[in-house]
Structures are given as C-alpha cells and as structure tokens.
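First up is the structure itself, then whatever we jot down about it.
Here is how names work: the chains are called A, B, and so on, in the same order as the sequence lines, proteins then strands, and each is numbered from 1. Quantities reported herein were computed from a predicted structural model and do not represent experimental measurements.
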There are 2 protein chains.
Amino acid sequence: MDKNIKEFENKIILGDCIEKLKELPDNSVDLIFADPPYNLQLKNELWRPNQTKVDAVDDEWDKFDSFEEYDTFCKEWLKECQRVLKPTGTIWVIGAYHNIFRIGTTMQNLGFWVLNDITWVKSNPMPNFRGVRFTNATETLIWAKKNEEAKGYTFNYQLMKKYNDGKQMRSDWYIPICNGGERLKDAEGNKVHSTQKPETLLRYVILASTKEGDIVLDPFAGTGTTGAVAKKYGRKYILIERDKGYSEWIQKRLDSIKDRQEWLEEHDKS
Amino acid sequence: MDKNIKEFENKIILGDCIEKLKELPDNSVDLIFADPPYNLQLKNELWRPNQTKVDAVDDEWDKFDSFEEYDTFCKEWLKECQRVLKPTGTIWVIGAYHNIFRIGTTMQNLGFWVLNDITWVKSNPMPNFRGVRFTNATETLIWAKKNEEAKGYTFNYQLMKKYNDGKQMRSDWYIPICNGGERLKDAEGNKVHSTQKPETLLRYVILASTKEGDIVLDPFAGTGTTGAVAKKYGRKYILIERDKGYSEWIQKRLDSIKDRQEWLEEHDKS
DNA sequence: GTGTAGTTTGAATCCTACG
DNA sequence: GCGTAGGATTCAAACTACA
C-alpha cells in the first residue's frame, strides 16, 4: 500500500480497469479522460461485477437488468476516478446516447460537478443508410470537477481562445472522425480498434485542462490516443487497458513518438 | 373516465402537468414535445464585465430540493406521457446538462427507445463572462419512441432532406435563440417567459415527426410555441400549462395565428 | 427611408486570495 | 468556517438613436 504515483507515471498498465484504479493513490492525478465501452453485447463478459453467476440465456436478461449492471459498472470505475483525482483536477468522459445519460446521472449522483457538456460534431459522420433517423453526427463529452466545492481547476482560457480565432471557445467542437494515416491498421489492413478517437479531440481536451508536466490518466486506453497526445505535449500519462493486444499496439504507438523534451531540443538545433 | 381524445383537441388545459396528463386516454397522441424545468440550481449573481447583472432564471417553477425530487417528478410525467403516446408516436424532450442526463436515464429505465439525441447548436449563445468554462452553446433534445417494439413511427426523411439542401438531415441543428419580434414581451417590455423556445426549433420537430392532422401534446406549454407551430402547419395541439398568466398569453398568441386551412385558402386566391 | 454607431441582452450550475 | 478586497472578464443579434 501507500504507493507513490511516480511508480505509475508513463506506464501502460495491463489489467481490469476497476482493479487497477484501486491501486492508485488518492488525489494523485490532474486529468482523467475516459472512453468507456458501451456495447451491450459485451455485457456478460464486461460489467458483471460478480462473475459467479451469469445467466446462460440472454433473453432472461431484461433491459432493466442490463442497464442496472451497466450502471453498477460505471459507478464503480467512476468512484475510483473521483478518489484518484486531485481536488484541482478534472475529468472528461465521452459517450453517445446509448450510455452518456446513464454516465452523466451516475457522475452527478457521485457528486462530480459538471462544468460543461461538450458536443463533438463530426464533420464526416457515418450516414443513416435506412433513412429512418437523423444522421448521428455527434458524441458528447462531460467535463466535470471532483465535487462542487473543488477549486483551482485548470482551464487554459486564453490558449483556447487563441485557437478559436481570438474568440472564446464554445462547447461545440468540429472535428473529423479518426481516419487516414492516423487510424491504426493491422497487417491485413483492418482497423485495430473500432472506436479509435482522433488526436485532435484529445488535443483540445489536454491543452484546455492541463499544464505541462501534469499527470493524465486514461482507464480505458484502447489504442492509446490519450497517451500519444499527452506525450507529444509534455504531459505524463497513466494508461490502463485490459486487452493485451491493444496494450501492445499502444506500446508501439508511444515508442514511435518523440517526447516533448526531445522534440524541443531538436527544434532548437535547427 | 373513458374520455375521448377529441374533447382535448386544440385546447389549452390549465393545471398541473401530471394531474392533467392522467385525464388523457391511453394511446391517443401522435407526438409529445416536452420542455420541462431544467433544475438549474443557480446560486449566485452573475455580472457582466461591464458591471450589468445577468437576468437569471429564478422562477419558482424551476426550484427542486434535490436530484431525487427532480427524478421522481420526471418519472411521473414521463410515465404518463408513455401511456398517452400511440405506439406509432414519438416523444421529444429538451434539456441542458443540468437535467438531460437524468431525463435520458429515466426515459431508458421506463422503456422508451431512443432514436436520436439532437444537439441544438445556438448561433448566438450567452458567452461565459468569467472565462472559466467553455461557452455553453448547446441544448440537447432526446427523440424516442414508446418502446423498443413499437413500429411505424413517422419520420419525414425526404422532407427533412429537402430542407437540408438535398443532404440527409443530421443530428446537429443550427438555430438562433428566440429573440427579436418572436420573443413575447409584456407591456413594460419585459420578456413574458424566461425560456421561450424558437419556432424554428419546433418546426424541425413537428415537420420531421408528424403528418398533417396529427395530435401534438405539450405538457409544459410555457408561451405555447408548440401550439403555434402546430396550428401553422395543420396539426392539432393539446397544451398543458399550470400558470394562468402563461396560459392567457398562449391564448392570445394562438388567436393571432391563422390556421392552415385558412392560410391555404388565402394563398390560393392570390 | 437609409446607413452607421452605440446599447442591450440571452436556460449560467461563471473567481481567488487573504484575514 | 466566513467576509471582503482585488482583479480579470463577453459574442451575436436585435434594437435605438441619430445623422
């Protein structure tokens, strides 16, 4: 026990999100970015808190049960995030209409204090092929502080204003989905991860709400976009990922990125 | 008991939302648009940089003691809405980050099936004066059907596509806030209602998800924007409003609107 | 009437440091 | 904990006044 946060800095931690969060000390990270899974098909493997009894037949699991399990799962990891977050830190959680309402409710119930809901407006969303709904063109990010009383969170107002043509940055962000050279593909040309987030999105998040040298935690690291952007901008990262395959991709990805200091030194020489 | 929905058509019903909803028959309306109180929880005064005070929403109807009380309230009116809604009908609920997560969760728990979450992107939102957050530039609408199994809801895909320059309509809508001549003002020039919605927003909603002659119910009618747009486009309306003052404004507003048939006849002559 | 400059205002969970 | 002083902070659109 009584581990120091330094042991975890710039590490990729392989394992279950909740278990691994529990190993981190209280009040130790400056920013959390969480992109939790919400594929209801995975419910049995993923967010059964109690592995002992799993219904064999899916039909026996009515919708409310499945929502309840998901809520329990989210409450667990969010509670750990709240504990680990510094009082001056903030948390970002991204989701879509399948899960973001439940997450927002859970966060408010735990006492997180919402600062903004940000809409990621996709410039190139997937069309609705059957023409029975509106094109699903957005995802939502919740930005919150540890609790209502928490003071002193970082918001680089002037920097964001500069990036927005000199006008105050708004809560609607126009960013393309992750595609092209940035999208990780395996040897067969298949995408490595189904929901890889664009680096631009993480750049907004990290530049808006951290200072250089801050510690950024991502409990669902996936392909490691959070780590990649953190490294590029001189922030420390702690990445938790339960899938060994993904974690190996993250390692490769991060190894290929020069860290800020290196980059600055090279830049000075030229 | 056993009232017929025809008794309520094109009526403004003065009274408590939940009580009055209970008088409506099962499976009787085609569309519900609900703009419930947001539970803003504003605590302090806010001053602009030029030392003028922001006119905050401090109406009695937005006061709740806790999340729990708010949730109970929402569960009640949403349950009645679900009962009253035809299986081929849909419901829209608008909110902001203060309440929309709770509403979405409650709706999912009740078995409503979400079709889209729509982001109303405001072209002219109020800025963040203190520079401590992003400009709060959006509100969210949840569009849902009665339950997962419900079939045959109306979505005027081609019409919406036409309104969107021939491209499939997306879930992000760019609409100014309600201001100018459309904003109702009393004799002293004060706004009648602190949160009047723009007609354009309701036009999108009603044209997308109803046919002519359909019945549109608004349980929190306010200044009656839903009724006004319904009347203009040949839909029937049922408006519930608990405040006598507001309901009188609605009556005046609706009286000044020609109904669709009248309008078409005049238009034919010219 | 027309054009320009100045004023007003909108669903807002809007500060921090120091006694 | 509280009270107070210090200091940094706004965008778009409608409306008004006036030339």
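- Using a 4.0 Å cut-off, no side-chain N or O of A/Lys151 falls inside it from OP1 or OP2 of C/dC15.
- Cation-pi check for B/Arg102 over B/Phe67 is met; the charged atom lies under 6.0 angstrom from the ring centroid and within 45 degrees of its normal.
- Nucleotides C/dG1 and D/dA19 have their C1' atoms positioned 13 Å apart, rounded to a whole Å.
- With a 3.5 Å limit on both pairing distances and Watson-Crick or G-U wobble geometry required, the stems of 3 or more pairs in DNA chain D span C:2-10 with D:11-19, C:15-19 with D:2-6.
- An OP1 or OP2 oxygen of D/dT10 is reached within less than 4.0 angstrom by a side-chain nitrogen or oxygen of A/Tyr157.
- Between B/Leu40 atom CG and C/dC14 atom C1' there is a gap of 13 Å when expressed in whole angstrom units.
- A donor-acceptor pair under 3.5 Å is absent between the side-chain atoms of A/Glu76 and the main chain of A/Thr72, judged by distance alone.
- Minimum heavy-atom separation, B/Asp62 to B/Pro37: OD1-CB, 3.4 Å.
- For C/dA12, its base never sits under 3.5 Å from the side chain of B/Asn44 at any donor and acceptor pair.
- Remark: B/Arg183 is in phosphate contact with C/dA11, judged by side-chain N or O atoms under 4.0 Å from OP1 or OP2.
- For C/dA11, its base sits under 3.5 Å from the side chain of B/Lys197 at one donor and acceptor pair at least.
- At a threshold of 4.0 Å, the pair A/Glu148-B/Lys43 counts as salt-bridged, since one of the basic side-chain nitrogens sits closer than that to a carboxylate oxygen.
- Judged by a 6.0 Å distance limit and a 45° cone about the ring axis, A/Lys79 is not positioned over the six-membered ring of A/Trp77.
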